[in-house]
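First the structure, in the form of structure tokens, and then the observations on it.
Each chain gets a letter, A, B and so on, in the order its sequence line appears, and its residues count up from 1. This structure is a prediction, so every number in the text was calculated from the model and none was measured.
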Protein chains: 2
Amino acid sequence: MSLGEVEVSVTPEEKFREFLQTKNLRMTRERATIVEHVFSSHEHFEAEQLIQQLAEQRVSRSTIYRTLKHLEEAGLIRKVARQDARDVFEHDYGYPQHDHLICKKCGTLIEFHQEKIAEVLTGVARDHGFRMEGHRLEVFGLCDNCCRPPKTRPKKLNLL
Amino acid sequence: MSLGEVEVSVTPEEKFREFLQTKNLRMTRERATIVEHVFSSHEHFEAEQLIQQLAEQRVSRSTIYRTLKHLEEAGLIRKVARQDARDVFEHDYGYPQHDHLICKKCGTLIEFHQEKIAEVLTGVARDHGFRMEGHRLEVFGLCDNCCRPPKTRPKKLNLL
DNA sequence: TTAACTGCAAACGTTTTGCAGGCGG
DNA sequence: CCGCCTGCAAAACGTTTGCAGTTAA
């Protein structure tokens, strides 16, 4: 998306395979299908979407949930937000660190990057003897579009 | 807690009553009981805790969930995190703005305040034409205690 | 060969809802 | 009084799990 990509030496599939090996787990057709699909675009996604999109490739609901867990543990994806009652994921591997503005009205996720935030958090963690491993920052509000309601610009001299 | 309190002119109960009026809702015994209980301490809490603690005061599960929604809409409380599968709430009214370090091991929530974060976010929002209303920042990692595993400091010259 | 994997359906835990009676303003 | 409120039990929701057959290594 807008933030560009990070140079990576290993494909997500390979990285996942390496992770699986360290855990004595196996690369299966289903897992390969899921990683490939997930990393075929940089969109945010939810479990339910994958389930529907991968149904015709014969990947079951359970396998998708189970694999998402592994992908998260492998550091390939991460939960970025919660919308309605569902977890929203995105790539964590091969994608620069960033956070999100979340429109309460239309649900759009706008990515942004601000070095300062990580800096501040590093300091805070140090002050508390906290070993920081990551963070999730959700900024709520109204996006540019939803701010100005009268999108329906009434053509002058209509009825009346 | 550690961050002190904010000077407020209106009690939470009063503020809630005002909110209810603007929405044509009513202050009932159950709602009063809940607000009072929630604001009797500054602890983080979950719905289930309230349900158990207020059972003897005859407040039902449904009423608690329904009231939590109202309290959140009224700006009296906010969701600060999700632990296991449950939402964690805290006071939003009469309590200074802050964020949390969350220990992945013991679940402790450590509050911290950093002016810089709000500043940065204000700038980011402006740049995106985003009308910011609030944010939720969860910093994951290991707390001071859980960092150093050998808490069981073996007394020198014990066995052996 | 064997331990990990899969799909299915049933189970789960939290949160929501329909309903019939109760009560605040 | 009217319309919002409550408790109850059942439903809904996303997610997890037990199981018996399947498959990677």
Side-chain angles (χ1 to χ4, degrees), chain A residues 13-14 16-38 44-74 77-89 107, chain B residues 13-14 16-38 44-74 77-89 107:
Chain A
E13 286 87 337
E14 266 181 284
F16 193 34
R17 180 169 262 113
E18 286 167 15
F19 168 81
L20 292 173
Q21 283 176 348
T22 71
K23 295 277 181 178
N24 252 301
L25 303 178
R26 296 163 185 173
M27 178 55 90
T28 62
R29 176 187 69 78
E30 291 82 355
R31 289 179 179 166
T33 304
I34 294 171
V35 193
E36 185 193 26
H37 181 87
V38 162
H44 301 105
F45 63 95
E46 299 173 6
E48 194 58 36
Q49 290 174 28
L50 291 188
I51 291 164
Q52 292 177 12
Q53 294 161 356
L54 296 181
E56 57 182 74
Q57 301 189 53
R58 310 182 321 286
V59 182
S60 74
R61 173 173 297 271
S62 345
T63 295
I64 287 181
Y65 276 108
R66 288 191 271 234
T67 302
L68 285 177
K69 278 214 168 114
H70 288 139
L71 287 173
E72 195 179 0
E73 203 192 335
I77 64 174
R78 68 174 189 131
K79 289 180 188 160
V80 277
R82 210 157 209 262
Q83 295 215 305
D84 306 307
R86 281 164 270 117
D87 287 322
V88 180
F89 297 87
Chain B
E13 286 86 337
E14 266 181 282
F16 193 33
R17 180 169 262 112
E18 286 167 15
F19 167 80
L20 292 172
Q21 283 177 348
T22 70
K23 295 276 182 179
N24 253 301
L25 303 178
R26 294 165 187 173
M27 178 56 91
T28 62
R29 176 187 68 79
E30 291 82 355
R31 287 178 181 167
T33 303
I34 295 171
V35 194
E36 185 193 25
H37 181 88
V38 162
H44 301 105
F45 63 94
E46 300 174 3
E48 194 58 35
Q49 291 174 28
L50 290 189
I51 290 163
Q52 291 175 13
Q53 294 161 355
L54 296 181
E56 58 182 74
Q57 302 190 52
R58 310 181 321 284
V59 183
S60 74
R61 172 174 298 272
S62 343
T63 295
I64 288 182
Y65 275 108
R66 288 191 272 234
T67 303
L68 285 176
K69 278 217 167 110
H70 289 139
L71 287 174
E72 195 180 359
E73 203 192 335
I77 64 174
R78 66 174 189 131
K79 287 179 188 162
V80 277
R82 218 172 195 247
Q83 296 214 305
D84 307 308
R86 281 161 269 119
D87 287 321
V88 180
F89 297 87

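The bend of the helix from C/dT1-D/dA25 to C/dG25-D/dC1, defined by the angle between the axes of its first five and last five pairs, stands at 40° to the nearest 10°.
Here the straight-line distance linking atom CG of A/Leu71 with atom CZ of A/Phe19 works out to 8.5 Å at 0.5 Å rounding. Residue B/Ile64 holds its CD1 atom at 11.0 Å from CD of B/Gln49, rounded to the nearest 0.5 Å. Summarising the geometry, atom CD1 belonging to A/Ile34 is positioned 12.0 Å from atom CD belonging to A/Glu13; distances are rounded to the nearest 0.5 Å. Separation of atoms NE2 (B/His44) and CD (B/Gln83) is listed at 9.5 Å; rounding is to 0.5 Å.
Protein chain A contacts DNA chain C over a range whose 5' and 3' limits, counting nucleotides with an atom under 4.0 angstrom from a non-hydrogen atom, are C/dA3 to C/dA9.
Contact annotation: the side chain of B/Asp87 never approaches that of B/Leu68 to less than 4.5 Å [non-hydrogen atoms, C-beta and beyond]. Side-chain contact between B/Thr63 and B/Thr28: absent, with no pair of heavy atoms (C-beta onward) separated by less than 4.5 Å. You'll find the side chain of B/His37 stays beyond 4.5 Å of the side chain of B/Val59, heavy atoms only.
Of the residues in residues 52-63 of chain B, those with a non-hydrogen atom less than 4.0 angstrom from any atom of DNA chain C are B/Arg61, B/Ser62. The stretch residues 18-37 of chain A touches DNA chain C through A/Asn24, A/Leu25, A/Arg26, A/Thr28, A/Glu30, A/Arg31, each having a heavy atom under 4.0 angstrom from the strand.
Residue-level contact check: B/Asp87 touches the backbone only, with heavy atoms under 4.0 Å from sugar-phosphate atoms and none from bases.
Spacing between atom CG of B/Leu50 and atom P of D/dG7 amounts to 14 Å, rounded to whole angstrom units. For the pair B/Arg66 CZ and D/dA9 P, the interatomic distance rounds to 14 Å; values are reported in whole Å.
Residues meeting the side chain to side chain contact (heavy atoms under 4.5 Å, CB included) test with A/Arg86, sequence neighbours left out: A/Glu46, A/Asp84.
The stretch residues 64-73 of chain B participates, sequence neighbours left out, in these side-chain hydrogen bond (donor to acceptor under 3.5 Å, both in side chains) pairs: B/Lys23-B/Glu73.
A donor-acceptor contact shorter than 3.5 Å links the side chain of B/Arg31 to the backbone of B/Arg26.
Minimum interatomic distance between B/Gln53 and B/Glu56 (heavy atoms only, all atoms of both residues): O-CG, 4.2 Å. Closest approach of B/Arg58 to B/Glu30, counting heavy atoms only: O-CG, 4.3 Å.
Around atom CZ of B/Arg78, more than 12 heavy atoms belonging to other residues, nucleotides or ligands sit under 6.0 Å away.
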